[in-house]
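Quick note: residue numbers are just sequence positions, from 1. When reading the values below, keep in mind they use all heavy atoms of this one structure, side chains included, and skip hydrogens, waters and symmetry mates.
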Amino acid sequence: MSATTWAVAVPDKERLIKAAFEAKENAYCRYSNFRVGAALLSANGEVIKGANIENASYGGTICAERTAIVKAVSEGTRSFTALAVVTDVESALSPCGMCRQVLREFCSLNMPIFLVPANYDELRASGDQNGGIQETSIGELLPYSFGPEELELPRRS
């Protein structure tokens, strides 16, 4: 765990990881065949799931992380405490740059992000208590980021 991220209770972390795996099952990825699931934990304890949804017009594709954020924000939830992301790859993979910027809009720089490998359960069963998770944060994934607070800085005319 990074020393700069918030702590997440173990039951919440496990619930979030399980939800990300569940979300991945609903991915619509007929072009890339690359399933991604994401789950956000809101400040009030709600879990919001998202899957990647592809489109024949590739620019219309939306990633799992942005699906989860858009679902939450469109329903009035704008405060989050953690995110889990999972793919079918047996290593932890990071959100793309566009997702990082959208997450930056709504998530604290030190909010924990759990990058979960596809073989998480197998790793846990074999004795790896962490299950191969890479824990990071928006601050680590998007250093020197531009966020809403920069729009409030004084400007020269």
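For R15, the salt bridge (charged side-chain N to carboxylate O under 4.0 Å, His left out) partners at least two apart in sequence or on another chain are D12. Residues satisfying the side-chain contact (heavy atoms from CB on, under 4.5 Å) criterion with L93, sequence neighbours excluded, are F34, T87, V89, S91.
The minimum heavy-atom distance linking R104 with P148 is given by the pair NH1-CD, 3.8 Å. Looking at every heavy atom in both residues, A39 comes nearest to L16 through O-CD1, 3.2 Å. Taking all atoms of both residues into account, the shortest heavy-atom contact from G147 to E150 is N-OE1, 2.6 Å. Summarising the geometry of T81 relative to S42, their closest heavy-atom pair is OG1-O, 3.8 Å, with the distance given to 0.1 Å. Considering all non-hydrogen atoms of both residues, Y120 and G131 come closest at CD1-O, 3.4 Å. Heavy atoms only, all atoms of each residue included: A92 and P117 are closest at N-CB, 4.1 Å.
A chain of hydrophobic side-chain contacts below 4.5 Å, direct or via other Ile, Leu, Val, Met, Phe, Trp or Tyr residues, connects L141 to F106. Placement of V73 and I138 within a single hydrophobic cluster is found when ILVMFWY residues are connected by side-chain heavy-atom separations under 4.5 Å, directly or transitively. Residue I62 is not grouped with residue F80 when hydrophobic side chains (ILVMFWY) are merged at heavy-atom distances under 4.5 angstrom, including chains of intermediate members. With hydrophobic clusters built from ILVMFWY side chains whose heavy atoms lie under 4.5 angstrom apart, V8 shares a cluster with F21.
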(message) If you apply the rule side chain to side chain contact (heavy atoms under 4.5 Å, CB included), what do you find for I113 with S94, and how did you get there?
(response) CA-CA 9 Å; I113 298 174; S94 176; over 6 Å; no
(message) If you apply the rule side chain to side chain contact (heavy atoms under 4.5 Å, CB included), what do you find for E75 with E46, and how did you get there?
(response) CA-CA 12 Å; E75 295 297 322; E46 179 186 7; over 6 Å; no
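Counted within 6.0 Å of NZ on K18, heavy atoms from surrounding residues, nucleotides or ligands total 12 or fewer; the atom is thus considered open.
Although no hydrogens or angles enter the test, the distance criterion places a donor-acceptor pair under 3.5 Å between the side chain of T61 and the main chain of N55. Of the possible polar contacts, none joining the E65 side chain to the L103 backbone as a donor-acceptor pair under 3.5 Å is found. Distance alone, capped at 3.5 Å, is enough to place a donor-acceptor pair between the S137 side chain and the L109 backbone. In terms of modelled atom types and a separation under 3.5 Å, the side chain of N26 and the main chain of A51 share no donor-acceptor contact. Under a 3.5 Å cut-off, the side chain of T67 and the backbone N or O of C63 do form a donor-acceptor pair. Of the possible polar contacts, none joining the K49 side chain to the G37 backbone as a donor-acceptor pair under 3.5 Å is found. Judged by distance alone, the side chain of E105 and the main-chain N or O of V102 form no donor-acceptor pair under 3.5 Å. Counting only distance, with no hydrogens or angles, the side chain of Q101 and the backbone of F146 share a donor-acceptor pair below 3.5 Å.
Using a 4.5 Å heavy-atom threshold, the side chains of L151 and R155 count as touching. Looking at I69 and C107, their side chains come closer than 4.5 Å, going by heavy atoms from C-beta outward.
A side-chain donor from one of N110 and S108 sits under 3.5 Å from a side-chain acceptor of the other. R100 and S145 share no donor-acceptor pair across their side chains, judged by distance under 3.5 Å alone.
In this structure, OG1 on T77 lies 6.0 Å from CG on N44, to the nearest 0.5 angstrom. For the atom pair E14 CD and R124 CZ, the distance stands at 5.5 Å (nearest 0.5 Å).
Sorted by first then second residue, the salt bridge (charged side-chain N to carboxylate O under 4.0 Å, His left out) pairs that include residues 28-44, not counting sequence neighbours, are E25-R35, R35-D88.
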